[in-house]
Amino acid sequence: MPDKRDYYEVLGVSKGCSEDELKKAYRQMAKKYHPDLNPGDKEAEAHFKEVNEAYEVLSDSQKRARYDQFGHAGVDPSYGGGGGAAYGTGGFDFGDIGDIFDSFFGGGFGFGGSTRTRDPNAPIRGNNVSISLALTFMEAAKGCKKEVSVPHLEQCSACSGTGAKAGSHAETCSECGGSGQVRVSQRTPLGVIQTVKPCSKCSGKGKIITQPCPDCRGLGRVRRQKKLEVSVPAGIDDGQTFVLRGQGDSGLNGGPAGDVNITVSVRPDPLFERDGFDVWCDIPLTFAQAALGDEITVPTIDGKVSYNVPDGTQPGTVFRLRNKGIQYVGGRGRGDQYVRVNIEVPKNMSGKQKDALRDFEKLMNDRNYEKRKGFFDKLKDIMS
């Protein structure tokens, strides 16, 4: 007659423990002695079998009652009883082992329980499509309408997206019953382990097309180019992307279409340079304009404006034109425009012009050239 330990002792619980206490103790002991956590340890494997045998009996109210009354003889045939509680036989609930595997191996072993699988016929959203769009500086700054060509997958009109030739239809796969997956069972020392894999007969689709559509070759979608007129938002910058919702690849099984992501490339402008939402430009002035002051015409992205340059303006001076920059994308307000002054030195002067300039220079002194005076004062200090 086999020598077995008391089942309550095996699980470390009292005889009057509740079901929750029993299950908690079982999980702890099963995890402690699990063969995967104790590879090659025969003693741990034996304890693991003992723990499962004890729990199989005590978790069943009828078997537990017989065990409490008759001991091992009430549940084990080797004692003359009728329990059928040997490890890996009888009505053992492998779902509990599956719970343990789920708790520290991430699940997927399928011990007597159900395994969630994705419905192959569920709606699937179409992929996004990305294209580029070249713009001029002004088109990006002010916004514009542009026509773009979008390569995408669209539903086949010949078969309405079914993939089957007109007049026919896809048949439910006889191998998987339309689920797209098959369950494979394997008997191991831990019991029957079930795994799920894609059905090889229908390639995981759940349906088989015996007469494919000649236009899409059974795929349900065809690649096409479509023309779209798009509104480019004012203020968009080089390298930025805007989105056309629902204009990408069509979905599968009635799923929504993807989007079109349009990334802009802005060509440089001969007059303007962008800095965020501000605009910069350089304005050349003659010596006389800078010295005497003048009303000049300044280009902006909105057109020409007049600006009064004060007398004595120096090279590199920057003037600010408020709210003459680029509009904020999707918001109110706009940046500024900055005008940088460059003084142009005259070239190819006639003799008369040179003489007049020499006479003008004789009338100048250090009071007229503050920077020049300051430079020579510093030079004098250094040399002395």
Side-chain angles (χ1 to χ4, degrees), residues 130-148 228-245 259-347 357 360 364 366-375 378:
S130 297
I131 63 173
S132 59
L133 176 62
L135 301 174
T136 66
F137 182 92
M138 294 301 292
E139 286 175 333
K142 305 290 289 183
C144 62
K145 298 281 188 181
K146 301 287 283 189
E147 186 178 74
V148 295
L228 296 174
E229 184 179 69
V230 301
S231 296
V232 179
I236 196 167
D237 203 356
D238 183 64
Q240 291 184 334
T241 300
F242 65 99
V243 181
L244 300 180
R245 301 294 182 191
D259 301 328
V260 176
N261 299 318
I262 303 178
T263 302
V264 303
S265 174
V266 182
R267 293 191 289 269
D269 189 85
L271 286 179
F272 302 111
E273 180 181 348
R274 180 167 178 169
D275 180 16
F277 292 100
D278 295 330
V279 175
W280 284 75
C281 73
D282 292 336
I283 298 293
L285 296 181
T286 67
F287 172 78
Q289 286 178 309
L292 303 175
D294 193 10
E295 183 179 355
I296 63 172
T297 299
V298 177
T300 73
I301 62 174
D302 296 323
K304 298 177 181 179
V305 298
S306 296
Y307 187 82
N308 290 314
V309 178
D311 58 2
T313 295
Q314 300 299 308
T317 298
V318 176
F319 301 117
R320 180 183 184 184
L321 304 179
R322 293 184 180 275
N323 299 320
K324 290 297 183 182
I326 295 173
Q327 178 181 324
Y328 299 149
V329 179
R332 296 180 179 179
R334 57 191 301 177
D336 301 323
Q337 177 166 324
Y338 292 91
V339 181
R340 185 168 38 228
V341 170
N342 293 323
I343 308 300
E344 185 175 5
V345 178
K347 298 169 62 175
L357 189 56
F360 169 79
M364 297 292 105
D366 289 342
R367 186 172 61 85
N368 300 115
Y369 297 107
E370 294 179 359
K371 291 184 179 180
R372 186 171 180 273
K373 179 180 181 298
F375 171 77
K378 294 177 183 177

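Count residues from 1 along the sequence.
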For the student: nearest non-hydrogen atoms of Asp259 and Arg245, plus distance: OD2-NH1, 2.9 Å
So, do Val329 and Phe242 sit near enough that their side-chain heavy atoms are less than 4.5 Å apart? no
Step-by-step side-chain contact (heavy atoms from CB on, under 4.5 Å) determination, Val339 to Tyr307: CA-CA 10 Å; Val339 181; Tyr307 187 82; over 6 Å; no
Examine the side chains of Ser132 and Thr263 and answer whether a donor and an acceptor come within less than 3.5 Å of each other. no
Which heavy atom of Arg340 sits nearest to which heavy atom of Gly316, and what is that distance? CG-O, 4.2 Å
Salt bridge between Arg334 and Asp278, side-chain N to carboxylate O under 4.0 Å? no
Working to the nearest 0.5 Å, report the span between CZ of Phe137 and CG of Asp238. 11.0 Å
Given side-chain contact (heavy atoms from CB on, under 4.5 Å), test Gln289 with Ile296 step by step and report yes or no. CA-CA 9 Å; Gln289 286 178 309; Ile296 63 172; 4.0 Å; yes
Could you check whether any side-chain heavy atom of Trp280 comes within less than 4.5 Å of a side-chain heavy atom of Asp275, counting everything from C-beta outward? yes
Of Asn342, Val341, Leu271, the residue whose pairing with Asp282 passes side-chain contact (heavy atoms from CB on, under 4.5 Å): Asn342
Which atom pair, heavy atoms only, marks the closest approach of Ala234 to Ala141? CB-O, 3.8 Å
So with a 6.0 Å cut-off around CD of Glu344, is the heavy-atom count from everything else above 12? no
All heavy atoms of Cys144 vs all of Glu139, minimum pair found to be SG-CB, 3.8 Å
What's the separation between atom OG in Ser231 and atom CG in Leu244, rounded to the nearest 0.5 Å? 9.0 Å
If you look at every heavy atom in Phe272 and Cys281, which pair is closest and at what distance? CD2-CB, 4.1 Å
Rounded to the nearest 0.5 Å, the CG atom of Leu135 sits from the CG atom of Asp237 at a distance of 10.5 Å
Could you give the distance from CG (Asp294) to OG1 (Thr286), rounded to the nearest 0.5 Å? 7.0 Å
Looking at every heavy atom in both Gly335 and Tyr328, which two are closest together, and how far apart are they? N-CE2, 3.9 Å
I'd like to check Val279 versus Ile326 (side-chain heavy atoms, cut-off strictly below 4.5 Å). Are they in contact? yes
Separation between CG of Leu228 and CD of Glu147, rounded to the nearest 0.5 Å: 8.5 Å
Is it the case that the side chain of Asp336 and the backbone of Asn323 share a donor-acceptor pair, with hydrogens and angles ignored and the cut-off at 3.5 Å? yes
With rounding to the nearest 0.5 Å, note down the distance linking CG in Leu292 to CG in Asp311. 7.5 Å
What do you reckon, are the aromatic ring centroids of Phe319 and Tyr338 less than 6.0 Å apart? no
Start with the C-alpha gap between Leu133 and Val148, add the side-chain angles, then the distance that decides, and say whether side-chain contact (heavy atoms from CB on, under 4.5 Å) holds. CA-CA 8 Å; Leu133 176 62; Val148 295; 3.9 Å; yes
Check step by step if side-chain contact (heavy atoms from CB on, under 4.5 Å) holds for Val260 and Val243. CA-CA 6 Å; Val260 176; Val243 181; over 6 Å; no
Less than 4.0 angstrom from a charged side-chain N to a carboxylate O is my criterion; do Asp302 and Lys142 meet it? yes
Heavy-atom donor-acceptor pair, Gln337 side chain to Pro299 backbone, under 3.5 Å: yes
Main chain of Gly276, side chain of Arg274: is a donor-acceptor contact present, judged purely on distance under 3.5 Å? yes
